[in-house]
Amino acid sequence: MDEALLQRLATLEGESAVRRLMACYMDLCDVPRAVTEVSELARLFTVDAIWEGVGSVTAQTFGQHQGREAVAAFVGGYLPPSEHFRLNLHYLTSESIVVDGITAHGQWIMQQISTYADGRSELFGTRLNIDFRCVDGCWLIAHFRTQRLFNRELSA
């Protein structure tokens with residue numbers, strides 16, 4: 001195979017791996033589901049991962065978390081056995097993934113429908129900007145940024 005074809009194949013494989021990684025992350029964050037072990041979340045992130053809210057509201061709500069274990073503990077704190085959500089579903093759209101060797105950047109618009117333990121429900125629109133890194137042949141999340149674009153309370 002010539003070098004250009006191998007590069008194109010690596011790029012396509014990287015895009016596909018990033019897409020599967022994001023699907024796995026969203027699946028682990030959906031509720032209802034079986035209890036998510038923090039270790040399941042941790043394995044999706046690089047050792048030096050950062051997870052942060054961007055923009056005044058989102059930064060104040062979520063802050064910034066650094067390191068694989070801290071990120072997994074933060075995200076996992078919202079999931080069963082926590083009773084924070086009765087329902088939490090994520091839908092990704094407007095996907096853009098750019099692979100550059102062993103790094104990649106992805107951007108999505110995420111819609112999230114949530115019903116909380118107290119019965120309130122909301123619809124969120126969020127922009128996700130995420131950096132990925134391939135470590136020992138495995139694509140992982142290196143820097144996860146979420147910025148709320150809108151939210152609306154839903155009535156029953």
Side-chain angles (χ1 to χ4, degrees), residues 1-80 82 84-85 87-114 123-151:
M1 285 190 148
D2 82 2
E3 190 61 34
L5 189 55
L6 288 173
Q7 180 58 45
R8 289 176 64 196
L9 180 60
T11 297
L12 290 172
E13 288 177 343
E15 289 173 2
S16 182
V18 163
R19 199 172 285 117
R20 286 191 309 275
L21 175 58
M22 286 302 294
C24 181
Y25 175 81
M26 292 301 163
D27 179 57
L28 289 173
C29 292
D30 283 346
V31 175
R33 63 165 290 114
V35 172
T36 299
E37 298 295 328
V38 172
S39 62
E40 290 179 86
L41 286 165
R43 70 180 172 80
L44 304 180
F45 292 89
T46 61
V47 172
D48 60 345
I50 298 170
W51 195 107
E52 66 179 316
V54 176
S56 58
V57 172
T58 313
Q60 289 173 6
T61 303
F62 296 122
Q64 184 185 81
H65 307 273
Q66 294 184 310
R68 174 186 284 154
E69 300 308 321
V71 168
F74 168 72
V75 175
Y78 287 97
L79 304 175
S82 166
H84 183 77
F85 292 113
L87 173 76
N88 194 36
L89 300 174
H90 300 84
Y91 303 92
L92 296 179
T93 185
S94 303
E95 174 183 272
S96 174
I97 300 171
V98 177
V99 175
D100 185 12
I102 62 166
T103 64
H105 177 79
Q107 181 175 287
W108 292 264
I109 297 297
M110 180 184 75
Q111 292 182 347
Q112 178 179 339
I113 299 172
S114 301
L123 171 65
F124 293 92
T126 305
R127 177 175 288 114
L128 302 178
N129 280 289
I130 304 172
D131 298 326
F132 302 87
R133 191 176 329 133
C134 189
V135 179
D136 297 327
C138 183
W139 284 91
L140 301 170
I141 299 168
H143 193 168
F144 189 107
R145 292 173 299 280
T146 180
Q147 180 181 13
R148 184 174 301 165
L149 302 174
F150 79 90
N151 70 292

*asked:* Distance check, rounded to the nearest 0.5 Å: Gln66 atom CD versus Glu52 atom CD?
replied: 8.5 Å

*side chain to side chain contact (heavy atoms under 4.5 Å, CB included) with Asn129: which residues, sequence neighbours excluded?*
His105, Gln107, Arg127, Arg145

*Listed partners of Glu15 passing side chain to side chain donor-acceptor pair (under 3.5 Å), at least two apart*: none

Report, one line per pair, each donor and acceptor closer than 3.5 Å where one atom sits in a side chain of residues 67-78; sequence neighbours left out.
{"from": "Arg68", "atom 1": "NE", "to": "Ala42", "atom 2": "O", "distance (Å)": "3.3"}
{"from": "Arg68", "atom 1": "NE", "to": "Phe45", "atom 2": "O", "distance (Å)": "2.8"}
{"from": "Arg68", "atom 1": "NH2", "to": "Phe45", "atom 2": "O", "distance (Å)": "2.8"}

*Could you state the interatomic distance from CD1 (Ile109) to OG1 (Thr126), rounded to the nearest 0.5 Å?*
8.5 Å

_Any heavy-atom pair between the side chains of Ile97 and Met22 that's under 4.5 Å?_
no

*Considering non-hydrogen atoms only, spot the tightest contact between Ala17 and Trp139 and give its length.*
CB-CD1, 3.4 Å

*Working to the nearest 0.5 Å, report the span between CG of Leu128 and CD of Gln112.*
9.5 Å

*Would you confirm whether Asp131, through its side chain, and Thr103, through its main-chain N or O, come within 3.5 Å as a donor-acceptor pair?*
no

*Identify the heavy atoms of Val31 and Pro80 that sit nearest to each other, and give their distance.*
CG2-CD, 3.7 Å

*Which distance, rounded to the nearest 0.5 Å, do you find between the CG of Leu21 and the CD1 of Ile141?*
4.5 Å

*Set of side chain to side chain contact (heavy atoms under 4.5 Å, CB included) partners for Glu37, sequence neighbours left out*: Val35, Ser39, Glu40

*Mind checking side chain to side chain contact (heavy atoms under 4.5 Å, CB included) for Gln111 and listing every partner two or more places apart, or none if nothing turns up?*
Tyr91

*asked:* Just verifying a value: how many Å separate Leu92 CG and Tyr25 OH, rounded to the nearest 0.5 Å?
replied: 10.5 Å

*Spatial distance of atom CG (Leu140) from atom SG (Cys134) [nearest 0.5 Å]*: 7.5 Å

*Is Asp48 close to Arg133 at the side-chain level, that is, under 4.5 Å between some pair of heavy atoms?*
yes

*Under the 3.5 angstrom rule, does the side chain of Thr11 hit a backbone N or O of Gln7 as a donor-acceptor pair?*
yes

*Sequence neighbours excluded, which residues qualify as side chain to side chain contact (heavy atoms under 4.5 Å, CB included) partners of Arg8?*
none

*asked:* So Val99 and Phe132, do their side chains get closer than 4.5 Å, heavy atoms only?
replied: no

_Within-4.5 Å side-chain heavy-atom neighbours: His84 and Ser114_ = no

*Considering only heavy atoms from C-beta outward, does the side chain of Asn88 approach that of His90 to under 4.5 Å?*
yes

